[in-house]
A.B. asks: 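The structure's right below; bear with me while I get my questions together.
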Amino acid sequence: MTNLYLARYVDLHILQDIPASCLNRGRYNEPKTLMIGNTQRGAISSQCAKRAARHALETLLGEPAARTRMLPPRLAQALAEAGWPEDLARFAAAQIPRSATSEGLPTAPETGHRTVAMFYLPDEGILDDLAALCARHRTTLEKGMAKEAKSTAKTPAYLPTDDVVSLLCRRTASISLFGRFLAGLADARVDGAVQMAWAFTTHTSDLQPDFFTAVEDWAPPGDSASAHLDTAYLSAGVFYRYASVNLTELTHNLDGNTSQAIALLAAFTDVFISTLPQAKKNSTAPHTLPDTVHYVVRDRRPVSLASAFHQPVKADRHGGYLAPSRSALSQHAGIITQMFGTRHRIAHGHVTQAPDPEPLEHLGERHTSYDDLIDALTAAAGAPATTPRPYTAA
C-alpha cells in the first residue's frame with residue numbers, strides 16, 4: 001500500500017477570461033450555471049471539460065481511444081465487410097460481451113447487441129484484433145449459431161473468456177490517466193489519476209440574451225427577409241479551473257514507468273492549459289488563453305483553491321475582474337500555506353499576464369511562459385520522494 005505521505009499530487013489552478021460563449025449547454029440549451037456563495041456563476045461541468053481534454057490529449061499523443069456502446073454492431077459490420085455472412089457476423093459480434101464473463105455483459109439485442117455499459121477502448125486495432133479472434137474460432141461460432149437456432153436456452157459463451165478479457169482490458173495513455181470503469185468486468189477497471197472540478201466564474205455572472213435573425217437571401221420584394229428568429233443565451237467571465245493529478249496512481253497505472261508518467265503529466269498539463277470545450281465555437285470563437293496558471297506539487301493530498309471565490313470578487317475601479325481574481329487567488333493560497341504549512345509542499349509556481357509590479361507572492365516562482373512552467377512542474381514532480389519532517393512534541 002502506498003505510504004500516505006509519499007503519495008504525490010500536482011494541483012493545477014487556472015484563471016481564464018472567456019468572452020461571450022456557450023461552452024457547456026444545459027437541459028434548456030442555455031449555458032450551465034451554479035449557485036456559489038448565494039450568487040449565480042457561469043459554469044462548465046467537469047464531464048464536459050474532461051472530454052475536451054481527453055480528446056486533445058489523444059490527438060497530441062496520436063493514440064485515440066473510444067467510449068462506446070457500439071462495439072458489437074461495429075464488429076459485426078467489420079466481419080461482414082470481410083466476407084462473413086451477415087447472420088454469422090452478428091452472432092460472432094454478440095459473443096464478445098457474452099463471453100467476457102460467465103454470465104455475459106448485458107446488451108440490447110434489438111439494437112444489434114449494443115452494450116448497456118460503455119466500453120472505453122483503444123480506437124486503433126481493437127476491431128481488427130477482435131475480428132481475428134472470431135476468425136480463429138469461426139468453426140466453433142458456426143456450430144454454436146446452428147445450435148442456437150434449435151434451442152431456447154440462454155446462449156452460452158463460444159469464445160475463450162481469457163482472450164476476450166485480454167483484448168477488452170487494453171489501455172491507452174488516456175485510459176491510464178483518466179481511468180475506466182466497466183460494470184460487470186472488474187478486470188477492466190483502472191482507477192483514474194486525474195480529478196477535475198467544475199469550472200465557474202469568480203464573480204456573479206448573469207446569462208446574456210442574444211436575439212438573432214437568420215436572413216433570407218432570396219427574399220421576394222417587400223418581404224422582411226427574416227427566415228428565422230430566436231433568442232440564444234451566452235455567458236462570459238473570468239473562470240476558475242482546477243484539476244489535480246495523482247502522480248503516484250498514474251505511475252501505478254503505467255506499471256511503475258516513472259518516466260512515462262512524467263511525460264504524460266507534461267502532456268496533460270499542456271492540454272489542460274490550452275483546451276476548452278468547443279460548443280458553439282463557430283458563432284462565438286472564445287479562443288482565449290489562461291491569464292494565470294498556478295501549480296503546486298505536494299505529497300499527502302491535493303488542495304483546491306475554489307474557496308478563494310466563495311465570496312464573488314468585485315470588479316476593480318477600471319471595471320475588470322482579472323486583477324481582483326488574481327489577488328483573491330494569491331491571498332487564499334497564502335492562507336492555505338499558513339494553515340496547512342509547507343511540510344508536504346515540494347514546489348509551486350505560476351505564469352501570469354499580470355504586469356510585473358502586481359504582487360502574486362503566494363503563488364511561488366514566476367515563470368515566463370507555459371512551457372517554462374511545465375518544465376519546472378515536471379522536474380519538481382519527478383524529484384525523489386523524501387520523508388517529511390517528523391512532528392515533535394511541544
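Predicted, not measured: the structure shown is a model, and the values here were computed from it.
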A.B. asks: Quick check on N38: does its CG atom have over 12 non-hydrogen neighbours (other residues, nucleotides or ligands) under 6.0 Å away?
C.D. replies: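 No, because the 6.0 Å sphere around CG of N38 holds 12 heavy atoms or fewer from other groups.
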A.B. asks: For W84, is the NZ or CZ atom of R138 found under 6.0 angstrom from the centre of its six-membered ring and inside 45 degrees of the ring axis?
C.D. replies: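 Verdict for W84: a cation-pi partner in R138.
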A.B. asks: More than 12 heavy atoms of other residues, nucleotides or ligands under 6.0 Å from CD of E216: is that the case?
C.D. replies: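 Check passes, neighbour count above 12.
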A.B. asks: Tell me yes or no: between the side chains of Y242 and D11, is some donor less than 3.5 Å from an acceptor?
C.D. replies: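 A pair is found: one side chain offers a donor N or O, the other an acceptor, under 3.5 Å apart.
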A.B. asks: Which is it for R98 and E103 under the salt bridge (charged side-chain N to carboxylate O under 4.0 Å, His left out) test, yes or no, and what are the steps along the way?
C.D. replies: CA-CA 7 Å; R98 174 60 193 91; E103 296 297 321; over 6 Å; no
A.B. asks: Applying the side-chain hydrogen bond (donor to acceptor under 3.5 Å, both in side chains) test to R8, which of T251, D299, T248 qualifies?
C.D. replies: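 Passing option: D299.
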A.B. asks: Find the distance between CG (D270) and CG (L265) and round it off to the nearest 0.5 Å.
C.D. replies: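 The CG atom of L265 is 11.0 Å from CG of D270, to the nearest 0.5 Å.
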A.B. asks: Please test T155 against E148 for side chain to side chain donor-acceptor pair (under 3.5 Å), starting from the C-alpha separation and ending with a verdict.
C.D. replies: CA-CA 7 Å; T155 302; E148 294 305 307; 3.1 Å; yes
A.B. asks: Establish, from distance only, whether the side-chain atoms of S259 and N257 form a donor-acceptor pair under 3.5 Å.
C.D. replies: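 The answer is yes; a qualifying pair exists.
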A.B. asks: Do the non-hydrogen side-chain atoms of S244 and V10 ever get within less than 4.5 Å of each other?
C.D. replies: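 Counting from C-beta outward, S244 and V10 never come under 4.5 Å.
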A.B. asks: Grouping I, L, V, M, F, W and Y whenever their side-chain heavy atoms are under 4.5 Å apart, do I14 and L60 come out in a common cluster?
C.D. replies: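 Yes, same cluster.
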A.B. asks: If you compare all heavy atoms of F309 against all heavy atoms of A328, which two are closest, and at what distance to 0.1 Å?
C.D. replies: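 Closest approach of F309 to A328: CE2-CB, 3.8 Å.
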A.B. asks: Got H348 and V297 here, is their nearest side-chain heavy-atom distance under 4.5 Å?
C.D. replies: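 Side-chain contact under 4.5 Å: no.
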A.B. asks: When you look at D187 and R189, which way does the salt bridge (charged side-chain N to carboxylate O under 4.0 Å, His left out) test go after all the steps?
C.D. replies: CA-CA 6 Å; D187 289 345; R189 176 171 176 171; over 6 Å; no
A.B. asks: Run the ring-ring contact (aromatic ring centres under 6.0 Å, His included) test on H294 and H13 for me, step by step, so that the C-alpha distance in whole Å, both residues' side-chain angles and the decisive distance to 0.1 Å come before the verdict.
C.D. replies: CA-CA 5 Å; H294 170 50; H13 311 270; 5.3 Å; yes
A.B. asks: Would you check if there is a donor-acceptor pair between the side chains of E58 and S174 at a distance under 3.5 Å?
C.D. replies: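 A donor-acceptor contact under 3.5 Å links the two side chains.
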A.B. asks: Please tell me if the side chains of R41 and P312 come closer than 4.5 Å, counting only heavy atoms from C-beta onward.
C.D. replies: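 A side-chain contact under 4.5 Å exists here.
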A.B. asks: Can you measure from CZ (R170) to CD1 (I126) and round to the nearest 0.5 angstrom?
C.D. replies: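 Answer for the CZ-CD1 pair, R170 versus I126, is 5.0 Å.
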A.B. asks: Run the side chain to side chain donor-acceptor pair (under 3.5 Å) test on D17 and T288 for me, step by step, so that the C-alpha distance in whole Å, both residues' side-chain angles and the decisive distance to 0.1 Å come before the verdict.
C.D. replies: CA-CA 7 Å; D17 182 30; T288 60; over 6 Å; no
A.B. asks: Counting only heavy atoms not in H252 (residues, nucleotides, ligands), do more than 12 fall under 6.0 Å from its NE2?
C.D. replies: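 Incorrect, the count does not exceed 12.
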A.B. asks: Might you confirm whether atom NZ of K314 has over 12 heavy atoms from other residues, nucleotides or ligands at distances under 6.0 Å?
C.D. replies: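 Open: at most 12 neighbouring heavy atoms sit under 6.0 Å from NZ of K314.
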A.B. asks: At their closest point, which heavy atom of V238 faces which heavy atom of S325, and how far apart are they?
C.D. replies: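 So the minimum-distance heavy-atom pair works out to CG1-OG, 3.9 Å.
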A.B. asks: Under 3.5 Å, is there a donor on one side chain and an acceptor on the other for Y9 and E249?
C.D. replies: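 No, no side-chain donor-acceptor pair sits under 3.5 Å.
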A.B. asks: Could you check whether R241 makes a cation-pi contact with F272, meaning its NZ or CZ is under 6.0 Å from the centre of the six-membered ring and within 45° of the ring axis?
C.D. replies: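 Cation-pi check for R241 and F272: passes.
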A.B. asks: Can you find a heavy atom in the side chain of F178 that is under 4.5 Å from one in the side chain of R67?
C.D. replies: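 No, every pair of side-chain atoms sits at 4.5 Å or beyond.
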A.B. asks: So L15 and L329, do their side chains get closer than 4.5 Å, heavy atoms only?
C.D. replies: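 Yes, side chains in contact.
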A.B. asks: So do M70 and R114 actually touch side chain to side chain, heavy atoms under 4.5 Å?
C.D. replies: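 Contact flag for R114/M70 side chains = yes.
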A.B. asks: Test L88 against E142 for side-chain contact (heavy atoms from CB on, under 4.5 Å), laying out the working first.
C.D. replies: CA-CA 7 Å; L88 181 60; E142 289 172 337; 3.6 Å; yes
A.B. asks: Just wondering, do S21 and K280 contact through their side chains at under 4.5 Å, heavy atoms?
C.D. replies: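 Not touching, per the 4.5 Å side-chain cut-off.
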A.B. asks: Assess whether side-chain contact (heavy atoms from CB on, under 4.5 Å) is satisfied between Q353 and T292, documenting all intermediate values.
C.D. replies: CA-CA 6 Å; Q353 297 180 25; T292 300; over 6 Å; no
A.B. asks: What I'd like to find out is whether the side chain of V351 reaches to under 4.5 Å of the side chain of R366, using heavy atoms alone.
C.D. replies: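 No, their side chains stay 4.5 Å or more apart.
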